[in-house]
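A short write-up of the structure that comes next.
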Amino acid sequence: VRALADAPRKVDVDGDRRAHSHILGDATQVSLPVWSRVTGSRNHDRQAIEWKRMSNDKYQLKNLTTGKTSDLETLSGTVGPDVINIGSLWRDHGVFTFDPGFLATASTESRITFIDGDAGTLLYRGYPIEQLAEQSNFLEVSYLLLKGELPDAAELDSFKHSITRHTMMNQSLARLYSGFHHNAHPMAMVAAIVASLAAFYHDTTNINDDRHREIFSHRIIAKLPTIAAAAYKHALGQPFVYPRNDLDYCSNMLHMLFSVPCEPYTVDPLHAKALDLLFILHADHEQNASTSTVRLAGSTGCNPYAAISAGVSALWGPAHGGANEAVLDMLEKIGDVSKVPEFLTRVKDKAGGVRLMGFGHRVYKNFDPRATIIREMCHQVLAKLGQANNPLFELALRLEEIALKDEYFISRKLYPNVDFYSGIIYRALGIPHSMFTVMFAIARSAGWVAHWQEMIADPEMKIARPRQLYTGPVKRDYV
């Protein structure tokens, strides 16, 4: 494939495009190819406008054996790498592309989240994660992900009211927990209960109805904390705790987890703040494995609760949402600060099979911006709890310090990610290991429903159907 590059033209930034100018670093003029405006009738974002643009770069694929060539269309987003449309390869050349794990494949077009892994940048609808973590809260961020814009005071109040009024579970649904074994993993229970929501709310699962989609989105964000807390209480053998409408989202979560009927429970504001921060940082992360699973399942037109349940199950994997639990397991196995050098030596020995959990990221080739934010909160929570000398935190700091100075890890761009510290905070808050991924699912629900809505509203939506490179037996006769 060879590129034939034309110089991009300068065009003025105005109207809807002005919203992107702060990302591109120029308030009045940026170097962009020509834009075309496409309005989709099923798009229910505030502006109901989808922007597409053709890149001036031209690519050509040539079969060196036959000499046949094809021109490949190139598309540009508002920011980030261009993409090559390879949809014509099968038609023109009879071949598929091969990219296991989607390392270099853009599976969809999205306006929700952008990551620049080399620069360590994470944007929700154009807003840097650092600004949202400092100035916003989880429900406001959820609104942003869903609607595309930050709400005004009235819109936020209305959204909070809707979420608050959808937190309770149907009592018949609550009785389903009695069918689970007492030591069932909470993620197994959450995935099953979420899938069963379709049996209780089947009258509002028309995916082509704007209002139904909105009701579903609010229900998922509202009910997941209640579903998760009930799974935790079931494992303990304690009675379920009902949500309280007078508490904010994260305070209510902690209340349902830790309060009991026989004595009062007061939520620590710092604990609620720490949980809110974790939820913001985990709310969305572009086309990750669980979000892609939600999109893949949702593309079939299935009921939306089934798609979210599929996302919950995908998140459960230790390579995805279970990573923070793996970090704590690793720290506990190391045991003492003095053993850190020996452990890192074993990590470098590929034959030993020892992995450094919480370092490195599939996308980030720089420091994970979320890890920088969460590191400071970790200090605050442990100091408030009188655990400033927490052995695991000291161990984590020492491990980070040594690894960041070691050329082996530097050359491989292995920097701490968000999972390295989130598990320590969850543990300090009293949340057990088995619930770590459940907390992740609650946060990621905002991103899941935002991506599901975006996909369903796309007039060009198609069922996802990947192809394969077949390496099995050729046709043979049954004997």
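Computed from a predicted model, the values in this text were never measured in an experiment.
With sequence neighbours excluded, the residues satisfying salt bridge (Lys or Arg N to Asp or Glu O under 4.0 Å) with D368 are R370. Listed by chain and residue number, K384 satisfy the salt bridge (Lys or Arg N to Asp or Glu O under 4.0 Å) test with D268 (two or more places apart in sequence, or in another chain). Looking at residues two or more places apart in sequence or on another chain, you find a ring pair (Phe, Tyr, Trp, His ring centres under 6.0 Å) between Y426 and F436. By the ring pair (Phe, Tyr, Trp, His ring centres under 6.0 Å) test, H271 is found to be paired with no residue, residues two or more places apart in sequence or in another chain being considered. A search for side chain to side chain contact (heavy atoms under 4.5 Å, CB included) contacts involving A283 returns Y124, F138, V141, L145, not counting sequence neighbours. By the salt bridge (Lys or Arg N to Asp or Glu O under 4.0 Å) test, R211 pairs with E214, sequence neighbours left out.
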Test salt bridge (charged side-chain N to carboxylate O under 4.0 Å, His left out) applied to R398 and E394, step by step: CA-CA 6 Å; R398 183 59 177 157; E394 286 188 3; over 6 Å; no
M455 and T108: CA distance, side-chain angles, deciding distance, side chain to side chain contact (heavy atoms under 4.5 Å, CB included) verdict: CA-CA 9 Å; M455 177 192 67; T108 189; over 6 Å; no
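Side-chain contact, Y421 with E400: a donor N or O sits under 3.5 Å from an acceptor N or O. Using modelled atom types, one finds no donor on one side chain facing an acceptor on the other under 3.5 Å when comparing R295 with S107. Judged purely by distance below 3.5 Å, without hydrogens or angles, the side chains of S162 and H218 pair a donor atom with an acceptor atom. Judged by distance alone, the side chains of N303 and H202 never bring a donor and an acceptor atom under 3.5 Å apart.
Contact between A133 and L281 at its shortest, heavy atoms only, is CB-CD2, 4.3 Å.
D276 contributes no side-chain N or O that, together with a main-chain N or O of C250, makes up a donor-acceptor pair within less than 3.5 Å. Side-chain atoms of N288 come within 3.5 Å of backbone atoms of E286 as a donor-acceptor pair (strictly under, hydrogens ignored). Formation of a donor-acceptor pair under 3.5 Å by the D419 side chain with backbone atoms of G358 is not found in this model.
Residues E155 and K147 are not paired through a salt bridge, judged by the lack of any N-O separation under 4.0 Å between the basic side chain and the carboxylate. Contact check on D349 versus R346 returns no salt bridge, with no Lys/Arg side-chain nitrogen under 4.0 Å from an Asp/Glu carboxylate oxygen.
In this structure the side chain of V438 never reaches within 4.5 angstrom of the side chain of M189, judged on heavy atoms. Side-chain contact between W448 and L315 is present, with heavy atoms from C-beta onward closer than 4.5 Å.
Using bins of under 30°, 30° to 60° and over 60° for the plane-to-plane angle, the ring pair W316/H185 lands in the tilted bin.
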